[in-house]
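Read through the structure below, which is laid out as structure tokens, and then see the notes.
Letters go in sequence order (proteins before strands), and every chain restarts at 1.
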There are 2 protein chains.
Amino acid sequence: MRRDIFQAIADPTRRAIITLIALQAMTPNAIAENFNTTRQSVSKHLRILTECQLVKQEQQGREIYYSLQLEKMKEIDKWLDQFRKIWEARFNQLDTVLSTIKKQKK
Amino acid sequence: MRRDIFQAIADPTRRAIITLIALQAMTPNAIAENFNTTRQSVSKHLRILTECQLVKQEQQGREIYYSLQLEKMKEIDKWLDQFRKIWEARFNQLDTVLSTIKKQKK
DNA sequence: TATAGACGCAACCATTCGGTTTCCCAATTT
DNA sequence: AAATTGGGAAACCGAATGGTTGCGTCTATA
């Protein structure tokens, strides 16, 4: 059972849940009300998100509040970094090319 | 058949392929040699990556070279932006807290 | 022109996934 | 204490996924 962030954010419902609880903790029922799906379905998604530490839970009486572990999101950012470096390098190359053309015009 | 970037990068083999062809275009056979998988399997992954425009192909004789469409990767970056904003805001809040503590110490 | 190599595509198969249903537990309410 | 409510866990099901095998096509080479 591979359970990593990339697989976690692959599902559109899970991405929506993440966005929803990014700012404030919410209960499974409250989350489910925002989509047309059942609590059980949301609960399953939350389990997957919890398993890869993208989400943390906090019991409050009989309610369980779920919130986003923002730190974990940085892992995606970190993975993107290798490509960011490439596209920045390309951009600089383009910049060089452009300034060369500029010089030639002069 | 949902076919978006997030679903595309969910598979670890596909992420590896992306990294592999980020810098230089490669043929399916060459890509397959880098993992212990078959050409057909790689071919299928490449099809998925092509379908969501993460990869482009270029025929050269009887070989087809695949390369990464870096631009498309920015969509992930763009999606991450909403969370980046939040964690930066939190960081600034922390900053405020810290400076308040500092002042109190004085 | 015949043969070999590089590929894509379709069919098939085992596994996984997302969702629903059902059941059970614990905390509130009455 | 009994009924209600929030929520997790397991069983089940249809759909999707990843991989393999086999076949057809096109290009290059002998």
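Close to D/dG7, at under 4.0 Å from its OP1 or OP2, lies a side-chain N or O of A/Thr27. One finds no side-chain N or O of B/Asn29 lying less than 4.0 angstrom from the OP1 or OP2 phosphate oxygen of C/dG5. Of the side-chain N and O atoms in B/Gln60, none sit less than 4.0 angstrom from OP1 or OP2 of D/dT27. The phosphate of D/dT20 has OP1 or OP2 within less than 4.0 Å of a side-chain N or O from B/Thr38. For the OP1/OP2 pair of D/dG8 and a distance below 4.0 Å, the side-chain nitrogens and oxygens of A/Ser43 include at least one atom meeting the criterion. Residue A/Arg14 places at least one side-chain N or O under 4.0 Å from the OP1 or OP2 atom of C/dG18.
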Heteroatom pairs (N/O) under 3.5 angstrom, protein to nucleotides 22-25 of chain D:
| residue | atom | partner | partner atom | Å |
| --- | --- | --- | --- | --- |
| D/dG22 | O6 | B/Gln40 | NE2 | 3.4 |

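Distances were taken from every side-chain heavy atom of A/Thr13 (C-beta onward) to each of C/dG19, C/dC7, D/dT20; the shortest belongs to C/dG19. Candidate nucleotides C/dA11, C/dG8, C/dA4 were compared by shortest atom distance to the side chain of B/Tyr66, and C/dG8 ranks first. Candidate nucleotides C/dC17, D/dG6, C/dG18 were compared by shortest atom distance to the side chain of A/Glu63, and D/dG6 ranks first.
Each of A/His45 and B/Leu46 lies near DNA chain C, and the nucleotide nearest B/Leu46 is the one positioned closer to the 5' end. Of the residues near DNA chain D, A/Lys44 and A/Tyr65, the one whose nearest nucleotide (by heavy atom distance) lies more toward the 5' end is A/Tyr65.
Rounded to an integer number of Å, the gap from CZ of B/Phe6 to C1' of D/dA16 is 20 Å. Rounded to a whole Å, the CD1 atom of A/Ile64 is 16 Å from the P atom of C/dC25. For B/Ile17 and D/dG19, the CD1 to C1' distance is 13 Å, given to the nearest whole Å. As a whole-Å value, the separation of A/Asp11 CG from C/dC17 P is 11 Å. Note: CZ (A/Arg62) to P (D/dT5) measures 8 Å, nearest angstrom. For the pair A/Arg47 CZ and D/dA10 C1', the computed distance is 10 Å after rounding to whole Å. For the pair A/Arg3 CZ and C/dT15 C1', the computed distance is 13 Å after rounding to whole Å. Counting to the nearest Å, the C1' atom of D/dT17 and the CD1 atom of B/Ile48 are 8 Å from each other.
Checked by atom type and distance alone, the side chain of B/Arg14 never pairs as donor or acceptor with a backbone atom of B/His45 at under 3.5 Å.
The CD1 atom of A/Ile21 lies 9.5 Å from the OH atom of A/Tyr66; values are rounded to the nearest 0.5 Å. Put simply, CZ on B/Arg47 and OG1 on B/Thr50 are 9.0 Å apart, with the number rounded to the nearest 0.5 Å.
As judged by a 4.0 angstrom heavy-atom cut-off over every strand, A/Ile31 is placed among residues making no nucleic acid contact.
The closest side-chain heavy-atom distance from A/Gln57 to A/Tyr65 is not below 4.5 Å. Using a 4.5 Å cut-off on side-chain heavy atoms (C-beta onward), A/Met73 and B/Leu80 make contact.
Residues A/Ile76 and A/Phe6 come closest through the heavy atom pair CG2-CE2, 4.4 Å.
At a threshold of 4.0 Å, the pair A/Lys78-A/Glu75 does not count as salt-bridged, since none of the basic side-chain nitrogens sits closer than that to a carboxylate oxygen.
Within a 6.0 Å radius of CD in A/Gln59, more than 12 heavy atoms belonging to other residues, nucleotides or ligands are found.
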